[in-house]
Amino acid sequence: MAAELTVPQLSAKHRPTLDQALSAIRSRAYWSPHPEHPKAYGETAPADGLAAFEALRGTRLDLGQPGTDGWTGAEVSPFGPELGVEYPHVDPDVLLPAMKAGMGAWRDAGPEARALVCIEILARISARTHEFAHAVMHTSGQAFMMAFQAGGPHAQDRGLEAVAYAYEEQTRVPGQADWSKPQGKKDPLELGKTFTAVPRGIALMIGCNTFPTWNGYPGLFASLATGNAVLVKPHPRAVLPLALTVQVAREVLAEAGFDPNLVALAVERPGEGIAKTLAVRPEIKLIDYTGSTEFGDWLEANARQAQVYTEKAGVNTVVLDSTDNYKGMLSNLAFSLSLYSGQMCTTPQNLLIPRDGIATDAGHKTYDEVVADLAASVGGLLGDDARANALLGALVNPDVKARLEAATALGEVALASREVVNPEFPDAVVRTPVMVKLDAAKADPEAPYLSECFGPVSFAVAVDTTADALDLLRRTVREKGAMTVGAYTTSPDTERAVEEVCLEESAQLSLNLTGGVFVNQTAAFSDFHGSGGNPAANAALCDGAFVANRFRVVEVRRQA
């Protein structure tokens with residue numbers, strides 16, 4: 001097919017970005033090509049983005065995919081409105097062969113051309129960040145500013161980061177080499193060798209409800225940049241952001257002279273559960289999944305023909321030993337517990353506090369005082385409804401609300417949840433966090449703090465000593481996993497002890513955060529999201545291991 005976008009054109013436009021991304025993943029310094037501030041996208045961008053989103057509602061998004069055998073879609077915004085968008089329902093027996101057909105040319109294009117095409121896809125998504133932000137907001141329940149940043153530039157950063165790692169890993173081996181082995185008095189043995197990065201097959205990206213783009217883009221772009229076709233299976237309640245992503249990808253691929261079916265969308269009818277069916281098909285060689293431990297374990301056990309990358313549930317923990325900035329600690333933790341109603345896989349859940357209390361710059365604070373002061377800090381942060389709505393967003397589904405309500409029966413409530421009215425979206429279910437006091441001395445194998453309670457629920461767990469807190473931290477990370485660990489201490493010995501636990505159990509650690517960086521936030525190109533070394537996730541976003549197994553190097557030797 002004729003290419004409207006040539007590799008030289010793409011190289012002139014995007015090679016500098018690729019080079020900067022490669023530099024960033026090596027230096028781990030701050031860098032982002034995607035602006036975080038809404039005004040950076042132009043004076044009319046906010047209104048244009050909202051208008052574009054509103055124009056999508058009640059329409060049919062026809063992607064021109066092979067195998068379309070009907071239409072489906074039943075998304076309802078957590079803020080109340082029905083989206084009314086219909087998406088193609090596909091017959092995989094027709095679609096999957098069509099996806100595979102374009103992989104030869106995509107493979108032959110080479111790592112650089114694939115990377116440049118991927119960056120063009122991301123650039124076009126970036127130009128529509130306001131539109132995507134509304135799509136993320138009304139499928140995930142994130143407040144607009146968070147949907148804009150996490151669903152827009154931060155997600156795009158994670159996608160670009162995956163492209164950079166993919167390019168780096170594929171180009172470690174040269175494309176060709178002349179080989180000559182001396183044979184003494186005889187002529188040397190001489191061969192010409194070529195080395196080609198070849199894809200594994202079709203990748204299946206299974207999207208999540210809470211962060212459809214942020215969690216979806218790393219796997220999507222890692223697979224595409226390594227030569228694989230990608231079938232995107234969104235969460236049924238969060239289709240639109242990924243459907244728009246697929247639409248953009250197909251447009252760019254076609255303009256660059258490649259088969260648009262290298263990226264396709266598979267949306268399920270209500271209750272259909274096509275993820276299980278697709279996951280075990282022989283054509284599927286890679287799977288990326290974010291969601292429940294139960295389904296992640298099922299994928300790892302049953303999709304044996306595929307390389308499976310999972311991010312599942314974990315028990316995120318903060319150890320409170322001592323601090324030289326008590327007010328800053330409380331403020332930082334209050335924000336971390338409140339952001340997006342605790343509906344982040346990185347939100348702290350267990351706060352481990354010695355029952356005799358902690359040393360602070362404000363004097364010694366007992367366990368009860370620490371808990372009461374933290375509850376007051378959360379209450380103060382969310383006391384104004386307008387600010388509360390901007391931070392909390394909406395509960396993403398009824399299961400989160402049920403867990404929140406059930407938590408009050410688990411122990412003494414230190415911070416009660418309250419209902420917040422959103423005047424713009426009166427049907428939104430908005431709740432402030434609940435904090436429950438528990439005691440680790442009561443040896444209970446079913447203790448609530450020993451498993452994840454996803455949502456705006458935290459447990460202030462009294463422990464005998466900091467050493468006991470570290471033992472409990474080690475146990476929960478080893479048995480249940482953790483995406484994040486936090487600790488506050490002024491003791492170098494305790495700091496080393498916490499660090500040793502996290503090194504041994506492969507958990508990402510944040511120490512003494514009291515400013516504008518929070519334990520539940522990670523920056524692409526610098527921070528690793530998950531480690532792949534504990535039960536919460538078998539991969540990290542993003543490192544070499546996340547991309548290197550998505551392709552294989554095939555060598556051809558020729559007699560010189």
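Nothing fancy with the numbering, it's 1 onward along the sequence.
- In this structure, Y309 contributes its side chain and A540 its backbone to no donor-acceptor pair below 3.5 Å.
- For L352 against A469, the heavy-atom pair with the smallest separation is CD1-O, 3.3 Å.
- In this structure, R387 CZ and S338 OG are separated by 10.0 Å, a value rounded to the nearest 0.5 Å.
- Checking side-chain atoms of Q20 against main-chain N and O of R15 turns up no donor-acceptor pair under 3.5 Å.
- With sequence neighbours left out, C453 forms a side-chain contact (heavy atoms from CB on, under 4.5 Å) with Q349, R403, V457, F459.
- No hydrogens or angles considered: nothing links the side chains of N534 and S506 as a donor-acceptor pair under 3.5 Å.
- A donor-acceptor contact closer than 3.5 angstrom links the side chains of E36 and H154.
- A donor-acceptor pair shorter than 3.5 Å can be found between the side chains of Y217 and T245.
- Judged purely by atom type and a 3.5 angstrom limit, T476 uses its side chain to pair as donor or acceptor with the backbone of L473.
- Using a distance-only test at 3.5 Å, with no hydrogens or angles considered, a donor-acceptor pair links the side chain of Q142 to the main chain of T210.
- Contact between A135 and L244 at its shortest, heavy atoms only, is CB-CD1, 4.3 Å.
- If you take OH on Y289 and CG on N215, they are separated by 11.0 Å, rounding to the nearest 0.5 Å.
- Partners of P236 according to the side-chain contact (heavy atoms from CB on, under 4.5 Å) rule, which considers only residues two or more places apart in sequence or in another chain, are K233, E268.
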**OP:** Go through T226 and Q170 one step at a time and tell me if the side chain to side chain donor-acceptor pair (under 3.5 Å) criterion holds.
**Re:** CA-CA 7 Å; T226 49; Q170 290 174 100; 5.6 Å; no
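- Test T290, D297, T293, N538 against K312 for side chain to side chain donor-acceptor pair (under 3.5 Å) and you get one pass: D297.
- For K437, the salt bridge (charged side-chain N to carboxylate O under 4.0 Å, His left out) criterion is met by D368, E412, not counting sequence neighbours.
- Among residues two or more places apart in sequence or in another chain, the side-chain contact (heavy atoms from CB on, under 4.5 Å) test is passed with S322 by A359, T489, T490.
- The CG atom of L374 sits 6.0 Å away from atom CG of L330, with the distance rounded to the nearest 0.5 Å.
- The minimum heavy-atom distance linking V421 with N389 is given by the pair O-ND2, 3.1 Å.
- At least one donor-acceptor pair under 3.5 Å links the side chain of S27 to the backbone N or O of S23.
- The only option from F211, F144, F454 that meets the ring pair (Phe, Tyr, Trp, His ring centres under 6.0 Å) definition with Y340 turns out to be F211.
- Rounded to the nearest 0.5 angstrom, T514 OG1 and D324 CG are separated by 7.5 Å.
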Subject >> Audit row: F53, L240, side chain to side chain contact (heavy atoms under 4.5 Å, CB included) steps and yes/no >> reply: CA-CA 10 Å; F53 167 74; L240 185 57; 3.8 Å; yes
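- Remark: the backbone N or O of A238 is not paired with any side-chain donor or acceptor of T139 at under 3.5 angstrom.
- No hydrogens or angles considered: a donor-acceptor pair under 3.5 Å links the side chains of Y326 and D373.
- Between V370 and I358, some side-chain heavy-atom pair lies under the 4.5 Å cut-off.
- Judged purely by distance below 3.5 Å, without hydrogens or angles, the side chains of H364 and E369 never pair a donor atom with an acceptor atom.
- The two residues P241 and T213 come nearest to each other via the heavy atoms CB-CG2, 3.9 Å.
- Taking the six-membered ring where the residue is Trp, H529 and W214 present perpendicular rings, their angle passing 60° and hence far from 30°.
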Original post:
Does the side chain to side chain contact (heavy atoms under 4.5 Å, CB included) test come out yes or no for T360 and M329, once each step is laid out?
Top reply: CA-CA 10 Å; T360 82; M329 180 190 79; 5.9 Å; no
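- In this structure, the separation between CD on E168 and CD1 on I25 is 4.5 Å, given to the nearest 0.5 Å.
- Under the ring pair (Phe, Tyr, Trp, His ring centres under 6.0 Å) criterion, H235 pairs with no residue at all, not counting sequence neighbours.
- With hydrogens and angles left out, the side-chain atoms of T129 and Q156 include a donor and acceptor closer than 3.5 Å.
- Classification of the H138-F79 ring pair by plane angle, with boundaries at 30° and 60°, yields perpendicular.
- Without hydrogens or angle criteria, D321 side chain to T466 main chain gives no donor-acceptor distance under 3.5 Å.
- Here the side chain of N512 pairs no donor or acceptor atom with the backbone of T323 at under 3.5 angstrom.
- Looking at L22 and Y167, their side chains come closer than 4.5 Å, going by heavy atoms from C-beta outward.
- Ion pairing of D361 with K327 is absent here, as no side-chain N (NZ or NE/NH1/NH2) approaches a carboxylate O to less than 4.0 Å.
- The salt bridge (charged side-chain N to carboxylate O under 4.0 Å, His left out) search around D385 returns R418, not counting sequence neighbours.
- Although no hydrogens or angles enter the test, the distance criterion places a donor-acceptor pair under 3.5 Å between the side chain of Y367 and the main chain of A460.
- Side-chain atoms of S417 come within 3.5 Å of backbone N or O of T432 as a donor-acceptor pair.
- A pairwise comparison of heavy atoms in S223 and L286 identifies OG-CD1, 3.8 Å as the closest pair.
- Between R496 and E499 there is no salt bridge, since no side-chain nitrogen of the basic residue lies less than 4.0 Å from a carboxylate oxygen of the acidic one.
- At a cut-off of 3.5 Å, with distance as the only test, a side-chain donor of R158 or T522 sits close to an acceptor on the other residue.
- Counting heavy atoms from C-beta outward, T347 and P456 have side chains that stay 4.5 Å or more apart.
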**OP:** Before giving the answer on side chain to side chain contact (heavy atoms under 4.5 Å, CB included), spell out for L392 and R431 the whole-Å C-alpha distance, their side-chain angles and the decisive distance to 0.1 Å.
**Re:** CA-CA 8 Å; L392 295 170; R431 299 288 187 276; over 6 Å; no
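- Checked for salt-bridge contact, R550 and E169 miss the test: no charged N lies under 4.0 Å from a carboxylate O.
- Using a 3.5 Å distance cut-off with no hydrogens or angles, the side chains of Q521 and T346 do not pair a donor with an acceptor.
- Distance CE/M205 to CZ/F221: 9.5 Å, rounded to 0.5 Å.
- Salt bridge R478/E504: absent, no basic N to carboxylate O contact under 4.0 Å.
- Here the closest non-hydrogen pair linking Q343 and G455 is CG-CA, 4.4 Å.
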Original post:
Are F546 and D288 close enough, and set up right, to give a side chain to side chain contact (heavy atoms under 4.5 Å, CB included), and what steps lead you there?
Top reply: CA-CA 10 Å; F546 185 68; D288 288 276; 3.6 Å; yes
